[in-house]
Amino acid sequence: MSCILGIVTVFCAPLPAEAKASKAAANAKPVTDGTSDPAIPYDVTLTPTKQADLDAAIAASSQLKSLQTSHTVGAYALAGRIRSDYDRINSALESQGYYAGSVKISVKVGARTVDGKDPSLPDILKALGKNQKVAITISATLGPRFSLGNVVLTTPPQQPPTVAVPAPTATAVKGSAAKTPVAKTSAQTPLGKASSDGKSVPTPPSAAAGAATSEQAIAQAQPVSLLPEERKAFGLSSGQPAVAADVLAAQNSLLNQLQEEGYATASVSPPLAYLKPQTHTLDIVFRVSRGPKVVIGPISMTGLVHTKQRYLMNRLELKEGELYRPSRIEAARQDLASTGVFASVQVRNTPPIITLPPSRTLMPGILQAMPIEFGFKEAKRRTLSAQVGYSTDLGGRVGVSWTHHNLLGNAEQLRLTALVTGLGGSAQQGLGYDVYADFMKPDFLSKGQNLSVRLEGIRQLLYSYHQTAIIGRAGLNRHVGKYWNVSGGVMGEQEQIKQFGDTRSYFIIAAPLNATFDNTQLSNPIDPATHGVRASLSVTPSESLENGSSFFTLLSAQVSTYFDLKHLGISRPGRSVIAVRGIVGSVQGASTYQIPPDQRLYAGGPATVRGFRYQGVGPQYGKTKYGIGGTSMDAGSVEFRQRLPMNLGFAGFVDAGQVGTGSRPGQGTLRVGYGGGVRYFTPIGPIRVDVALPMNRPAYGDKWELYFGLGETF
């Protein structure tokens with residue numbers, strides 16, 4: 001039996017906002033209105049409109065619904081809450097284009113049903129008997145859905161309006177799309193309602209813009225024509241449903257497109273909306289100002305203390321004189337933040353716009369430039385962490401790591417680690433150690449190319465072999481494209497190995513080459529993948545120079561892919577996933593006993609075949625549990641993963657693999673393991689507990705295995 005339990009570090013993350021809200025609601029004590037009126041409990045029923053988006057907007061807008069369990073109030077306050085819900089829910093209707101809709105609220109008090117607008121409602125509620133509950137039903141009559149009428153873009157008015165009133169802005173409706181300000185051109189009272197957050201809705205555009213109709217608003221300024229890409233980004237056209245979210249999204253999309261074209265000071269006003277009940281349409285007027293097209297001006301940096309500005313400027317792909325584009329600027333900000341030495345990185349425009357000499361612009365004919373500034377807050381340069389781990393086969397380990405994150409001012413990282421290993425364990429014969437120093441220099445010789453150096457001393461007393469070694473390695477790692485990563489380097493190892501009573505010394509030099517591909521697009525590598533492919537290929541030519549010289553090459557490849565059952569229409573996205581993994585390895589140029597034992601191939605455990613102990617798959621020494629190792633290996637896994645409510649999940653899997661003494665994979669005795677486990681999903685990744693059993697257990701093999709871990713096995 002093997003049990004793996006490891007703790008490297010502890011992360012504390014805030015609860016998601018939704019979790020906080022639900023937890024607060026569950027633990028909240030009823031809050032009264034502070035008067036002498038006794039609190040009146042009530043139940044709210046929302047009559048469905050059969051439109052999911054609208055039903056969600058109504059539920060989020062209703063204070064009767066959201067406050068019924070956490071804030072009970074007395075008779076008069078409850079009557080006021082009922083009256084205010086008329087406006088709130090009507091605002092939700094209008095946000096979806098139902099400007100001719102109506103709201104009905106029925107209040108059942110005992111055997112009597114009263115309209116929510118009845119003036120006598122407070123007295124009726126006050127006369128309610130003790131411990132009696134009120135039943136409230138909210139229903140909405142939609143009426144015709146309004147569509148967009150004229151959608152016009154103009155320049156800002158050249159003459160100020162005669163009435164100096166602040167310009168209107170859109171006010172968010174809690175839990176639903178923001179509502180577009182509307183001026184009603186009929187004799188109805190202009191809009192002047194309270195939003196769901198208790199703030200007043202702005203004055204209608206008729207007063208704000210000095211135009212009572214869309215025709216007057218259009219006549220105040222000059223029309224604006226959009227280029228094809230701008231029109232595509234804007235996306236609004238006459239005849240489509242008058243949904244507030246779509247109108248406001250068009251404003252933002254057009255502004256983003258203009259700024260991406262270099263108009264750094266472009267502006268698109270909040271929409272002026274004019275309701276026409278006779279035709280069930282809504283006219284929309286936007287005020288658009290492009291401003292000058294500019295390039296990026298001088299780039300400055302502030303807040304640097306220990307980090308060298310020259311390093312950051314060399315890393316920065318943003319250049320003075322290139323076209324001003326917010327997406328490029330944001331990508332540059334994120335890239336600087338990824339160096340790992342800053343707590344925060346901000347970027348902002350620093351007007352006024354300046355004029356560049358023709359020699360400094362990269363865009364012929366564009367000389368006006370917007371200066372920008374990056375502001376930095378440096379993180380702590382030194383950290384100390386502890387490592388604790390345990391497995392029943394490899395035993396326990398404890399240690400500490402000290403890390404300097406900005407050693408020479410160019411984001412260089414130095415990590416010193418000391419571990420004590422082999423604290424018990426069925427695969428260990430005594431205490432060992434692992435001491436190493438890692439140095440990493442980013443952007444070595446070119447951007448995106450990192451230099452890594454490690455010096456390591458290791459001692460481990462496994463049943464398969466005892467090893468004492470000093471290892472030195474150095475290499476370059478480089479990102480290629482969006483998904484590829486390649487690395488290459490050199491390694492030297494001086495070691496002494498004892499296996500089955502025979503002690504030998506080896507000096508090995510190697511040149512490992514690696515390539516990896518990953519298009520799962522996960523920001524957190526511990527999160528379970530639900531789609532895409534991960535693949536790696538490694539080629540390591542090696543020469544053993546002591547105790548007989550031999551040249552050999554280690555070849556290995558691994559690929560895993562993930563299929564979401566949502567594509568079959570039988571599951572929601574990310575809930576049911578089939579994961580498949582394949583591994584092959586081969587040693588070319590030498591036989592098993594011509595290469596050092598630690599360079600041979602082994603299988604068994606969560607990295608290859610679950611249900612078998614570490615190094616428990618492959619040739620064994622006599623009829624013992626001591627692994628010899630081999631020169632070929634192949635393994636495969638199929639796993640079904642299912643998410644459940646309450647952050648729970650489960651998995652079932654089958655693994656198979658073999659290790660042979662030839663150089664061609666597919667040789668040896670095939671071992672099969674199967675099992676399942678549970679998952680608990682945390683903000684930093686799933687906690688995994690798996691139980692695996694061998695289908696064809698070898699002599700002296702374990703009857704079952706138990707694995708604990710953070711994240712999925714692949």
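When reading the values below, keep in mind they use all heavy atoms of this one structure, side chains included, and skip hydrogens, waters and symmetry mates. Values in this document were obtained by computation on a predicted structure and should not be read as measured data.
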State, with a plain yes or no, whether a side-chain heavy atom of [X] is found less than 4.5 Å away from one of [Y].
{"X": "V533", "Y": "F517", "result": "yes"}
{"X": "F234", "Y": "L226", "result": "yes"}
{"X": "E322", "Y": "M363", "result": "no"}
{"X": "I138", "Y": "T47", "result": "no"}
{"X": "Y98", "Y": "T141", "result": "no"}
{"X": "V577", "Y": "F563", "result": "no"}
{"X": "R145", "Y": "Q96", "result": "yes"}
{"X": "L142", "Y": "T49", "result": "yes"}

Between the side chains of [Y] and [X], is the shortest nitrogen-to-carboxylate-oxygen separation below 4.0 Å, so that they form an ion pair?
{"X": "K293", "Y": "E261", "result": "no"}
{"X": "R348", "Y": "E330", "result": "no"}
{"X": "D43", "Y": "K65", "result": "no"}

Nearest heavy-atom neighbours spanning [X] and [Y]:
{"X": "E230", "Y": "L258", "answer": "OE2-CD2, 3.4 Å"}
{"X": "V151", "Y": "S238", "answer": "N-OG, 4.0 Å"}
{"X": "G532", "Y": "T561", "answer": "O-OG1, 3.2 Å"}
{"X": "R287", "Y": "A221", "answer": "NH1-CB, 4.0 Å"}
{"X": "Y562", "Y": "A579", "answer": "CD2-CB, 3.6 Å"}
{"X": "A266", "Y": "Q259", "answer": "O-NE2, 4.4 Å"}

Can any side-chain N or O of [X] pair as donor or acceptor with the backbone N or O of [Y] at less than 3.5 Å?
{"X": "N349", "Y": "P351", "result": "no"}
{"X": "S62", "Y": "I58", "result": "no"}
{"X": "R328", "Y": "E317", "result": "yes"}
{"X": "Q240", "Y": "S237", "result": "yes"}
{"X": "T361", "Y": "I366", "result": "yes"}
{"X": "N256", "Y": "N252", "result": "yes"}

Would you compute the distance between atom [atom1] of [X] and atom [atom2] of [Y] and round it to the nearest 0.5 angstrom?
{"X": "L78", "Y": "L67", "atom1": "CG", "atom2": "CG", "result": "11.0 Å"}
{"X": "K133", "Y": "I40", "atom1": "NZ", "atom2": "CD1", "result": "13.0 Å"}
{"X": "L323", "Y": "L362", "atom1": "CG", "atom2": "CG", "result": "10.0 Å"}

Would you please say whether a donor-acceptor pair under 3.5 Å links the side chains of R534 and Y483?
no
Does a side chain donor of either H479 or N485 reach within less than 3.5 Å of an acceptor in the other side chain?
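Side-chain D/A pair, H479 to N485: present.
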Run the side-chain contact (heavy atoms from CB on, under 4.5 Å) check on I578 and L565 step by step: do they pass?
CA-CA 8 Å; I578 295 177; L565 295 185; 4.0 Å; yes
Under the side-chain contact (heavy atoms from CB on, under 4.5 Å) criterion, do K377 and F342 qualify, and how do the steps go?
CA-CA 6 Å; K377 182 180 179 181; F342 301 112; over 6 Å; no
Working note: Q642 + S576, criterion side chain to side chain donor-acceptor pair (under 3.5 Å); need CA distance, chi angles, decisive distance, verdict.
CA-CA 5 Å; Q642 178 64 52; S576 304; 2.4 Å; yes
Evaluate Y324 against Y263 for ring-ring contact (aromatic ring centres under 6.0 Å, His included), listing each step before the verdict.
CA-CA 7 Å; Y324 180 99; Y263 299 103; over 10 Å; no
Could you check V107 against T113 for side-chain contact (heavy atoms from CB on, under 4.5 Å), going step by step and ending with a plain yes or no?
CA-CA 5 Å; V107 184; T113 300; over 6 Å; no
Hey, does the Lys NZ or Arg CZ of R333 hover above the aromatic six-ring of F374, less than 6.0 Å from the centre and inside 45° of the axis?
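No - R333 does not lie over the ring of F374 by the 6.0 Å and 45° rule.
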Yes or no on side-chain contact (heavy atoms from CB on, under 4.5 Å) for V268 and R290, after CA distance, side-chain angles and deciding distance?
CA-CA 8 Å; V268 180; R290 281 189 168 88; over 6 Å; no
Quick one, D335 with K447, criterion salt bridge (charged side-chain N to carboxylate O under 4.0 Å, His left out). Give me CA distance, side-chain angles, the key distance, then yes/no.
CA-CA 11 Å; D335 180 68; K447 186 180 183 299; 3.3 Å; yes
Show your working on side chain to side chain donor-acceptor pair (under 3.5 Å) between E260 and S327 and close with a plain yes or no.
CA-CA 7 Å; E260 283 295 305; S327 61; 2.7 Å; yes
Evaluation steps, side chain to side chain donor-acceptor pair (under 3.5 Å), between Y42 and R81:
CA-CA 12 Å; Y42 63 89; R81 185 179 292 177; 3.0 Å; yes
